[in-house]
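First up is the structure itself, then whatever we jot down about it.
A quick note: this is a predicted structure, and the numbers were derived from the prediction, not measured.
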Amino acid sequence: MAGNVKYISAKEFEVILNDTTRRCQFIDVRGQSEIDIVNLGSRFLNLPLSDINQWMNNGSLNKDVDTYVLCHHGMRSARAASTLVSNNFKNVWSISGGIDAYAREVDPKLRRY
């Protein structure tokens, strides 16, 4: 049985993102036009929430590693994380407040929209 979605603050997530030794996967569920405005780099897979049924079980993701999901404000990432957990992904975190919170709390140089 799958567990529950976990939530992580932007400040806590900064530590995870900067730890390049950690085995995990990062998913940005925003659309390409949003990614073009601002993103957190190439470690993130751009897998739009609108296509979750196509990418979730296509074999490109590891259900057993920690998975961190990002969107603009945290609503879509929470939905995506919940869907992943329901499909047997083991450790899934939604980044609270999304990239907007990350820009406000961690890296004010990031563009906000």
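- Looking only at distances, no side-chain donor or acceptor of Asp28 sits under 3.5 Å from a matching main-chain atom of Leu47.
- Looking only at distances, a side-chain donor or acceptor of Asn39 sits under 3.5 Å from a matching main-chain atom of Ile35.
- In the model, Asp36 has a side-chain atom that pairs as donor or acceptor with a side-chain atom of Gln32 under 3.5 Å.
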Show, in sequence, the C-alpha distance, side-chain angles and deciding distance for Phe13 and Tyr102, and conclude whether the side-chain contact (heavy atoms from CB on, under 4.5 Å) test is met.
CA-CA 9 Å; Phe13 179 67; Tyr102 197 89; 4.0 Å; yes

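- Looking only at side-chain heavy atoms (C-beta outward), Val5 and Ser82 come within less than 4.5 Å of each other.
- Between Leu49 and Arg79, some side-chain heavy-atom pair lies under the 4.5 Å cut-off.
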Please lay out, stage by stage, how Met56 and Leu61 fare under the test side-chain contact (heavy atoms from CB on, under 4.5 Å).
CA-CA 7 Å; Met56 179 175 47; Leu61 298 172; 5.8 Å; no

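- Side chains of Ile99 and Glu34 form no contact here, defined as non-hydrogen atoms less than 4.5 Å apart.
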Would Leu40 and Leu17 count as a side-chain contact (heavy atoms from CB on, under 4.5 Å) if you check the C-alpha gap in whole Å, the side-chain angles of each, and the deciding distance to 0.1 Å?
CA-CA 9 Å; Leu40 294 181; Leu17 186 61; 4.3 Å; yes

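- Using a 4.5 Å heavy-atom cutoff, the side chains of Thr67 and Asn91 are not in contact.
- Side-chain N or O atoms of Ser77 include none that pairs as donor or acceptor with a backbone N or O of Leu70 at under 3.5 Å.
- Smallest separation of non-hydrogen atoms from Val106 and Pro108: O-CD, 3.6 Å.
- Contact between Val92 and Phe89 at its shortest, heavy atoms only, is CG2-CB, 3.6 Å.
- Between the CH2 atom in Trp93 and the SG atom in Cys24 there is a gap of 9.0 Å [rounded to 0.5 Å].
- Donor-acceptor pairing under 3.5 Å is recorded for the side chains of Asn57 and Lys63.
- The ring-ring contact (aromatic ring centres under 6.0 Å, His included) analysis of residues 32-54, with sequence neighbours excluded, yields the pairs Phe26-Phe44.
- A salt bridge is absent between Asp66 and Arg23: the closest approach of a Lys/Arg side-chain nitrogen to an acidic carboxylate oxygen does not fall below 4.0 angstrom.
- For the pair Ile95/Tyr7, no side-chain contact is recorded, criterion being any heavy-atom separation below 4.5 Å from C-beta on.
- Closest non-hydrogen pair, Glu105 versus Lys11, comes out as O-CD, 3.4 Å.
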Evaluate the criterion side-chain contact (heavy atoms from CB on, under 4.5 Å) for residue pair Asn62 and Val65; output intermediate values, then yes/no.
CA-CA 6 Å; Asn62 185 335; Val65 301; 3.5 Å; yes

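- The side-chain heavy atoms of Arg104 and Leu110, taken from C-beta on, include no pair separated by under 4.5 Å.
- Under the 3.5 Å distance criterion, the side-chain polar atoms of His73 are left unmatched by any main-chain donor or acceptor of Ala101.
- Taking every heavy atom of both residues into account, Lys90 and Lys6 meet most closely at O-NZ, 4.1 Å.
- With a 4.5 Å cut-off on side-chain heavy atoms, Tyr68 and Ile16 count as touching.
- Counting only distance, with no hydrogens or angles, the side chain of Asp107 and the backbone of Ala103 share no donor-acceptor pair below 3.5 Å.
- Under the 4.5 Å side-chain criterion, counting only non-hydrogen atoms from C-beta, Ile52 is not in contact with Val29.
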